[in-house]
Every structure is written in C-alpha cells, then in structure tokens.
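One-based numbering, in listed order, for ligands and for the atoms of each. Source: prediction; values computed, not measured.
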Amino acid sequence: MPAMQPVSPQEVGSDSGIDTAASRNESAGSPSTTPDTEISPPDSPFTPSERLSEARQTAQKKLAALTLDEKISLLTACDFWRTKAIPEKGIPSAKTSDGPNGARGGIFVGGTKAALFPCGISLAATWNRDLVHTVGQHLGDETKARSANILLAPTVCLHRHPVGGRNFESFSEDPLLTGKLAAQYVRGLQERGVSAAIKHFAVNEQETLRNFTNAVVAERPLRELYLRPFEIAVREASPWAVMSSYNLINGVHADMNPHTLQDILRGEWKYDGTVISDWDGLNSTAESIKRGCDIEFPFSKKWRFEKIHKAIKDGSLTVEDVNQAAENALTLITRVRGNDMSDEPPEREDNRAETRALIREAGAQGMTLLKNEGAILPIDPRTTTVAVVGPNANRAVAGGGGSASLNPYYTTVPLDSIKEAVQEAGGNSDIAYAVGCHTNKWLPVASPFCTKQRDGEQGVTIDWFAGDKFEGSPVLTTQHKNTDLFLWDSAPVAQVGPHWSAIATTFLTPTSTGKHTISFMSVGAGQLFVNGKEVLDLRDWTEEGEAMFDGSIDYLVELDMEEGKAVELTARMTNELRPVSKQKRHNSTHRYGGCRIGFKEEDKVDYIAEAVAAAKTADVAIVMVGLDAEWESEGYDRQSMDLPFDGRQDRLVEAVLAANPRTVVVNQSGSPVTMPWADKVPTILQAWYQGQEAGNALADVLFGKKSPSGKLPCTFPRRLEDAPAYHNWPGENLEIMYGEGLFIGYRHYERVKVAPLFPFGHGLSYTAFEYGRPSIDSKVLSSEAGSTVEILLAVSNIGEVAGAEIVQAYVHDEKSRLVRPEKELVAFEKVFLDAGETKHIRLSLDKHAVGYYDPAIGHWIAEEGRFDVLIGASSADIRRTISFSVEESFTWVF
Ligand code: BGC
C-alpha cells in the first residue's frame, strides 16, 4: 500500500477531483452483519516477479563448480556467527551480528563498543517511517564497523500480551505499523549493502519454553496478524534473509513448517531470499532443507553433514534439494560479499556525531506523553526547581536484555542530563536526588567491588583447564572486568577442548561493615568459595533461573563483612550440562559454562522517606520508575505487569505525590506496566528504553527543547486481567492456544468495550492539533491492479509551540461475511508543524486496506460494500470519518 505523503495546500486545487461531499464528521458505528448469499468473486491479476536477481545468477554459477560435500558445508555456519567460506572456489564467508537496536559484533558481553539505538518499541512510538529508514542506514554502517554483513534484525513479532519478554525489541501490537516500519528499517540497512535477517518467522510472541511450545493459531490471525509484518516487509523491502523461529506452529517447528515456509513464504510471496535458523533452532535434516530453511546457525554437527548424505541415500532428500538450499545460501553470501575474498578485518568502533544526534532525535520523537494535567511539562528550568527521585534516575537504563544487548559507546544518566540541562539554562542545578527504592531482580554484579589482587585494578582472573576435572596446570589464563561471566560464546574451546573446567578468582572489598549478601548463579556445574571455604555447592543444581542461556536461579549467601577488608572469592565451574535431566533432551553431556557473582551491602536507610524529603524541596518532583534489562529480556517473560517488585515503586510514587502534588512520573519500560496511581498523578511520560542518548532525550523533552511526539504502539491496559491473551498465556503442556484469534491489542478492547488505561495510538504534545474535513478522490476502490483511493486532510497546529502530530487512519468494514475487528489501522502519517502552521496529508488506501483473509477460499478478499475511514489522533480519538465502497468483491493472493 503506498504511504501517505504530506502535500502542500497549493496541491489541493478546486479541480483536484476530490469529493468533499463524501466526508462525514461523525464516526460510523453500525455492527457487522452477515449477508445470506455465498459469493465466488473473481481473482484480481497477480504478476509474480520472475526476474532472477543478479546475486542469484552468480550463485548459480558458483554452485555449478562445487562438490556435494562443499554444497553441504554451506548449509551450516562455520562458527557461532559466520557462514562457511570455500576460498578455493571463490566463496567468502559472511558474518552475522545481533541486532536489532545496534550491531553488537562477535562477543556477547563486553565486546567492541557499539552505538545503542532506541529499542524497537521506542522506534515504533515515533511512527516515523523516514526516521526508521535513516536508523536502518546508520545500523548498516555500524554493522560494517563490526566487520559483519548480516544484521539479525528487525524483530517483528507482535505484542500479543503485555508481559512478552521480547516486546521491547519488537515494534507493536499492530501488524501494519510493524510491517511499514520494518520495511523502512530493512531498506535502510540493505541500501548500505548489509542484509537484514527479519525475525522470528513466525508466531514467536512469547519466551516461556520458546524452543518447545506449539503455537496453535487459526489461519485468519496467522495471515492477518502474525505473518502480516513479514508480508509487508517482503513486498516493500525484500529482506535478503529471514530467520525462522524456535517454536512450533500448529504442530510443526517453524524451521521445517511446510505451511509458513513453503506454501506462504516461498510459494505465495515468491520470496527470493535465504532462510536461516535461529540459534540452535534447527529441528531436522531433510524436512528443514526441503521446506526451505537453508542455513543452520550456529555451527553444529547435529543435523547436517553425514545426516544429509544419509537422507539422500534413504531418499528423504534429493541432491536437487541440497542444490536449492546451497544456492540460497550462496545468494545471500553473494549479496553481501560479492566476490570479495579479502580477510575479515577486526571489529572497530565508529562513534559518529551524526549517529549520536540521530539517536537523540529518535529518543525525543519516541517519548510518549500519556498525561499532562495542568501543563506541568515542559518545565522552565530558569524559574522552576526540580527534585529527581526513583530507582531509574541515577543509572542508565538504556535497553532490554538478551541478544539485543550490547556494549554501548557510552550511556547518559537521566539525573546527569537533567542537571546539565538546568545548568545550561542558568537554573538552580543543585538538584535534590534520592533513589527511592532498589529494584534489582538479581543482586547487582559484584564487579565494582572486585579487584584482581587484594587491591588495585578491577577484575577477575580465570584459569582454564582442559577436561572437566581441573586436572594438571591451567592451559591458559584470561582476564575479565565483569563478574557476569556467562562464557557461552567466549570460552576458549580451541585451547581447552569441548569439555572444560575453569577457576575464577577475584577479591571483593565492601565499603561498609554489615551483613552483606553475595549471590551466585551457575550455568554448568559450579561451586563458590569465600576465603577458601565452600559457601555454595551448585555442582548438581536443579532449579533453572531466568538467566538467558540456561543458568540456575540466583543463590544468596549472607556474610558479616568489614569495611575495607577484602575477601577472596573463588568460583569453580565446568561446562557439564545442568540440570542433568537436560542431558537427554540435548543428547549431550556438555554445553555452555559460566557463572554470575552479585553483591549487595546491607540496607540501612528508609529509601522512601529520603525520596519524600527530596520531593518536598522542589517545585516539581520527577519520579523515574520502570523496568530494566533484568526484568525485560529475551529468554523469559515477565511474571506480572506490575512494576517490580512487591509494590515498592507504586508506594514510592504515592508517597512522592502526597509530598508534592506537582509530580511527573517517567516510566522506562519496553511494554505496558500497571499504573495504579495513574488517575491521581498529573503527568506521566512513557520513556521506553532509548539507548545511549536516553538521558539527554529525556532532558530535551522535560525542559521543552523538543515537544514529545510519540504515540503508543501498544495498548496500556488497566489490569493484566483485561488483556486479550490473559486466559491463554503462557499455555500449558507445551501448547499455546492463540484463543483470542484476530482480537489482540486495540482490536480486543474495542470489541469487548473495556476501556484501557491508555489506548493504542495515544500520545500528547506540548501543542494541540486540529483536523480539517477530509476529502476523497473517488468513492469507489476498483479491483484494477494498483488502484487506490486518495484522501486529503488538513492538519493545523493551533498551539504556541512547534510539534508533530501522528494522524492515524483506521478502516471500519460496515458489513462482512466473516467477523472483523471494529477498526484496523490502515495508514498513518507523522506531520511536523510550526505553531500556527497547516499542512495537508495524503492518505492512500488500496486493496490491502480493506481486505481480510478468507480461509474457505484461500485468498484475501475485498468484499463489496461500504468502508468507513476513521481518521484520528489515536484509536480512541477519532476526529473525522469519510467513506468509500468496493462495488464488486475481488480476491488476491499476495
Ligand atoms: C535469538 C535471536 C538472536 C540469536 C543470536 C537467539 O537466541 O532468538 O534473536 O539473533 O540468538 O544471538
């Protein structure tokens, strides 16, 4: 569907052919009814693109020179991140990097520094296609700086439920918003010669047991919701790679699913790219190759090599199948590397001023002002004093956890950015601050208290042994800064072999005397010693925690410690797979290893009383609450929508509000949180996770340097119990029933008439906007290929300051044979307006704006009848309505 374009007022002449009479000011509300007649509509013409890409032609030529073994070797990565090179046949290797809010490079923790962009939901909150396109281009450059060629991004699975662990890195609950932004992201990246690997295909909306659960989803929601972002991105941006998901879809794993991969992606959509597996997400030999999952990541001997020969022998696979997959693999490699056989350069940093400015701008544009009674925001720092309190105020909460995380060039801390802004404006920068409460899910890493020797440089020393018995002398010794020592991608396997043991030693010096707490979490078998005495034996741990790659829960030890007196901590660990019961499932005894050591000194203050005292000193109290990368991460879902934990953040907000009625709550999270105080607090700003410029972007908005212009890409319900998937989350017996069908997000709240706390598409500005009467160029959408109806609409900034409005268009189908949501987003446009300025917006709607998928005929259908276009400032704030018709039903496939 063509995008809406802003047009100048001059373009809208009286002879524009626009029919203003079709416009109505009220929104239509007639319920859908089912006509009696069966219809059998004609198909609209469908012309698949048959043109072979140049890369594919080159790939075919190279393929012809390969032996069967060489072809097979291309179907598995050669290490954790790279495809296999065959130098003697002119085939280079292509390197991947995570994605999606930056290009991390090859090391998971503490790798090369990289630009950290706002997370997916924050980008989506900008609703700004151009901005996301530019972000894609910058991410392309960042990927190249990490010497990588494929960014494992964007994440386009939908927000089915507010507590989804990866909602933060995905865009939205709406498939159109997600798909349109994903297309721009992919375009930006690929314009820089870097491949996207759009993920995770498909129906991967939860993290709980993600590798094993079967998503049971009906055909309509599959097509109209979950596949739709991929479909839009394939149509509009042709991503060079697609990453399959871990889960099963209707009984078959996604990496070998005939319906999604074969019938739809390769069949109906004629996808001409390459499918890669998610990491450790391959589940078969012959089936995955036949269905079109071409490259397995990372390197593994589990499914390919010999097994492929065997499958060819027993007839379950043909040489042609292998040829096709190898050709697809080569097509991707050729697209990103061409014939470049030069060595991969080392990763480098590329910390650019333009990227920093873009990230700051993207942050401000994503900032979503939910409430601003009494216009407390923006704050004039010259005349108004502020106090800053809250667990997220004096630390950088810049992103969510898991594979989206990286080592940022720098971070900005809200408290510092606020102080700087106040100082710059000549205000009183002596700002009262108090933490208010701590929200750590796990104890903070012990690293800041840890030195390699009894004193001196911060760090940890690891002695590595070959074999899992700590035998002989160490094979090598490595130095680390952090006591977060998940070593799954950085164990020196080449030197120590597949079975290893290691001893990590560090010295921990407390800054106070008291009963302090040390925590220990182990991936494989582990033991913790304090001054040579064993305090925890986790050699046979059984209780799995939420840490990403298979760690135990966090075990705590309380110790009486003295200020300034170091204790020696020793962690002994092996990569034996734990719990032992998993060895059978993984068909192996050894896997990843590592541990995490945390530390916290005894609490001796009343944090809330401190925050209340601080709040009383100032004209405005800013309370920074929220989640962080521990609470929101790949690997697990949240257990609750409440702010963590035990109600302490809610108590903090209430106490501060009671002390200072001019309270601004800033919430940082990548998904909705319960806000029991929302009706009482005058001002609420949703600040997401905004990457390395989070603090500065926040200060820009708080003090009015920029007007916030984000709108919610997901509904904020009042209670988790109101959410559509509540009864079907996270499933049972390894089955997730997508029982809410088509009705996720606003589609549900509208249908059941449950008012959410803040509706989809909602967001305020420091100015106000007025919508003119829309006009339409034709009252009929024809079935001819490429037909559109064009709607024009004036938007004015009627306030005192510049700002941006996001105009949203929803379609309401007056009558349809099958049930449809009350309204569905079909177009949107962000328009920037100076105070007093008016611009015209063009909304272009085509068949995709009116179609739904009818499983009975196996096609999309635009049904004859009237469609209302509801134009508004949010899904619940419809300002104008205009209608058009489809005169004769028609259908299509893609
Ligand atoms: C995640 C992917 C990620 C990959 C590599 C997987 O566990 O699901 O999104 O790209 O790891 O880190």
Side-chain angles (χ1 to χ4, degrees), residues 76-77 79-83 94-112 114 119-120 139 143 146 148-158 164-171 182 185-186 189 194-213 215 229-230 239 241-248 253-255 274-283 293 295-300 332 399-407 486-490 523 546-551 586 591-592 629 632-637 670:
T76 305
D79 60 13
F80 211 82
W81 302 116
R82 293 169 186 79
T83 64
K95 178 181 169 189
T96 63
S97 165
D98 278 312
N101 43 215
R104 189 188 57 238
I107 301 289
F108 216 89
V109 179
T112 310
C119 66
L139 282 168
T143 308
R146 301 301 100 70
N149 321 98
I150 301 160
L151 191 69
L152 305 172
T155 311
V156 302
C157 287
L158 297 183
R166 294 184 89 165
N167 285 8
F168 77 90
E169 66 168 276
S170 332
F171 290 119
Y185 182 111
V186 170
L189 263 183
V194 168
S195 173
I198 190 168
K199 65 191 187 183
H200 307 85
F201 193 76
V203 206
N204 180 191
E205 279 71 38
Q206 77 178 44
E207 289 299 281
T208 308
L209 294 167
R210 61 181 178 169
N211 298 68
F212 312 103
T213 40
F230 293 97
V242 169
M243 185 194 291
S244 63
S245 59
Y246 285 126
N247 50 288
L248 297 87
H253 264 112
D255 60 289
T274 307
V275 179
I276 66 175
S277 77
D278 198 347
W279 268 234
D280 269 340
L282 203 69
N283 293 282
C293 184
I295 312 177
E296 173 188 19
F297 274 96
F299 173 79
S300 150
L332 176 61
S403 60
S405 56
L406 52 76
N407 187 12
F486 276 121
L487 300 161
W488 60 277
D489 65 346
S490 50
V523 179
E546 287 189 327
M548 208 179 130
F549 286 97
D550 309 316
H586 287 280
R591 210 156 173 244
Y592 308 124
E632 253 187 312
S633 171
E634 176 183 346
Y636 45 87
D637 299 305

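- The shortest N or O to N or O distance between Trp279 and ligand 1 is not below 3.5 Å.
- Of the listed options Leu152, Asp278, Thr155, Leu151, Asp278 places a heavy atom closest to atom 4 (C) of ligand 1.
- The distance from ligand 1 to the heavy atoms of Lys199 drops below 4.0 Å at these ligand atoms: 2 (C), 3 (C), 9 (O), 10 (O).
- Residue contact annotation: Trp81 has a non-hydrogen atom under 4.0 Å from ligand 1.
- Only one option out of Leu152, Thr83, Leu282 pairs with Phe297 in a side-chain contact (heavy atoms from CB on, under 4.5 Å); it is Thr83.
- Remark: ligand 1 atoms within the under-4.0 Å shell around heavy atoms of Met243 are 10 (O).
- Using a non-hydrogen distance threshold of 4.0 Å, Arg166 registers as a contact of ligand 1.
- By the side chain to side chain donor-acceptor pair (under 3.5 Å) test, Asn149 is found to be paired with no residue, residues two or more places apart in sequence or in another chain being considered.
- The two atoms that bring Ser245 and Asn204 nearest to each other are CB-CB, 3.7 Å, heavy atoms only.
- Using modelled atom types, one side-chain atom of Asn407 and one backbone atom of Gly111 make a donor-acceptor pair closer than 3.5 Å.
- Using a 4.0 Å cut-off between heavy atoms, Glu169 makes no contact with ligand 1 at all.
- In summary, the side chains of Asp637 and Thr208 do present a donor paired with an acceptor at a separation below 3.5 Å, with no hydrogens or angles considered.
- Across the listed options Phe108, Phe297, Tyr246, Tyr246 owns the non-hydrogen atom lying nearest to atom 7 (O) of ligand 1.
- Below 30°, between 30° and 60°, or above 60°: for Trp279 and Phe80 the angle between ring planes is between 30° and 60°, a tilted geometry.
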